[in-house]
Amino acid sequence: EEMPRVTYAYELQRALHSFVRACASHPTMRVPAPEGDAFFGRLLNEALAAGGVAEILDEAALSRFAVRVWTSQQLWGGREFCSLLNQAIREDGTRAPATLR
């Protein structure tokens, strides 16, 4: 199934928040669930501080915002966002199919 194109920052932020919450509730991710929302906030703040509001209002620039989140060095339970996402991709269809939904 093809994923719809993200055209607005709120869509990207909602997907990111949903992913973080799914990680918090998934046993193989091994991250402290109560810290999930704070981790999400740190990811957003860091990406917004680096790219500014203009970047999230420009559809063409949303990919830069996504890259900023992907490459963030913010830690959650000792893990970076890219580590969590990579694990979800590896496990997709086996142990963690709900993580990417």
Side-chain angles (χ1 to χ4, degrees):
E1 176 180 328
E2 187 173 324
M3 296 297 294
R5 179 179 167 80
V6 172
T7 54
Y8 297 103
Y10 77 88
E11 295 170 316
L12 184 59
Q13 292 170 3
R14 182 177 55 222
L16 175 60
H17 197 218
S18 294
F19 176 77
V20 167
R21 286 198 164 170
C23 288
S25 66
H26 202 280
T28 68
M29 290 296 180
R30 295 187 176 94
V31 289
E35 298 172 21
D37 286 341
F39 176 67
F40 169 73
R42 290 194 309 272
L43 288 174
L44 280 187
N45 288 337
E46 182 180 74
L48 287 170
V53 174
E55 184 174 88
I56 65 168
L57 296 177
D58 179 4
E59 178 185 342
L62 277 178
S63 61
R64 288 194 298 269
F65 179 83
V67 168
R68 291 182 206 289
V69 171
W70 170 264
T71 59
S72 173
Q73 294 182 8
Q74 295 294 322
L75 295 177
W76 180 22
R79 299 181 66 185
E80 294 177 351
F81 176 77
C82 62
S83 169
L84 298 168
L85 188 56
N86 286 338
Q87 180 181 343
I89 292 168
R90 281 192 309 273
E91 294 178 356
D92 188 36
T94 57
R95 292 185 300 170
T99 304
L100 290 176
R101 287 191 175 83

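We're numbering straight along the sequence, starting at 1.
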- Nearest heavy-atom approach of Ala24 to Ala33 is O-CB, 3.5 Å
- Here the gap from Arg42 atom CZ to Phe39 atom CZ, rounded to the nearest 0.5 Å, amounts to 6.5 Å
- Query: Nearest 0.5 Å, what's the CG-CZ distance between Asp58 and Arg64?
  - Reply: 6.5 Å
- In terms of heavy-atom contacts, Arg68 and Glu46 come closest through O-OE1, 4.4 Å
- Spatial distance of atom CG (Leu43) from atom CZ (Phe65) [nearest 0.5 Å]: 8.5 Å
- Task: Identify the two heavy atoms, one from Leu84 and one from Trp76, that lie closest to each other, and give their separation to 0.1 Å.
- Result: CD1-CE3, 3.6 Å
- Hey, any chance Ile89 and Met29 share a hydrophobic cluster, counting ILVMFWY side chains that come within less than 4.5 Å of each other, even indirectly? yes
- Could you grab the distance from atom CD of Glu11 to atom CG of Leu62, nearest 0.5 Å is fine? 8.5 Å
- Item | Leu16 vs Leu44 side-chain heavy atoms within contact, under 4.5 Å | yes
- Task: Please check if the side chain of Glu55 supplies one atom and the backbone of Ala50 the other of a donor-acceptor pair under 3.5 Å.
- Result: no
- Query: For Asp37, what residues pass the side-chain contact (heavy atoms from CB on, under 4.5 Å) criterion, not counting sequence neighbours?
  - Reply: His17, Arg21
- How close do Glu59 and Thr7 get, heavy atom to heavy atom, and via which atoms? OE2-CG2, 3.4 Å
- Output for pair (Glu91 CD, His26 NE2), nearest 0.5 Å, gives 6.5 Å
- Nearest heavy-atom neighbours spanning Pro32 and Gly77: CD-CA, 3.6 Å
- Task: Spell out, yes or no, whether Leu12 and Val67 are grouped together once hydrophobic residues are joined by side-chain heavy atoms under 4.5 Å, including indirect joins.
- Result: no
- Message: Can you give me the closest heavy-atom contact between Val31 and Cys23, atom names plus distance?
- Response: CG2-O, 3.8 Å
- Query: Are Phe40 and Tyr8 co-members of a hydrophobic cluster defined by side-chain heavy atoms under 4.5 Å apart?
  - Reply: no
- Item | Partners passing side chain to side chain donor-acceptor pair (under 3.5 Å) against Arg30 (at least two apart in sequence or in another chain) | none
- Would you check if the side chain of Asn86 reaches a backbone N or O of Cys82 as a donor-acceptor pair within less than 3.5 Å? yes
- Item | Test item: Thr71 and Phe81 side chains (from C-beta on) under 4.5 Å apart, heavy atoms | no
- Message: Are Trp70 and Ile56 linked, directly or through intermediate hydrophobic residues, by side-chain heavy-atom contacts shorter than 4.5 Å (ILVMFWY only)?
- Response: yes
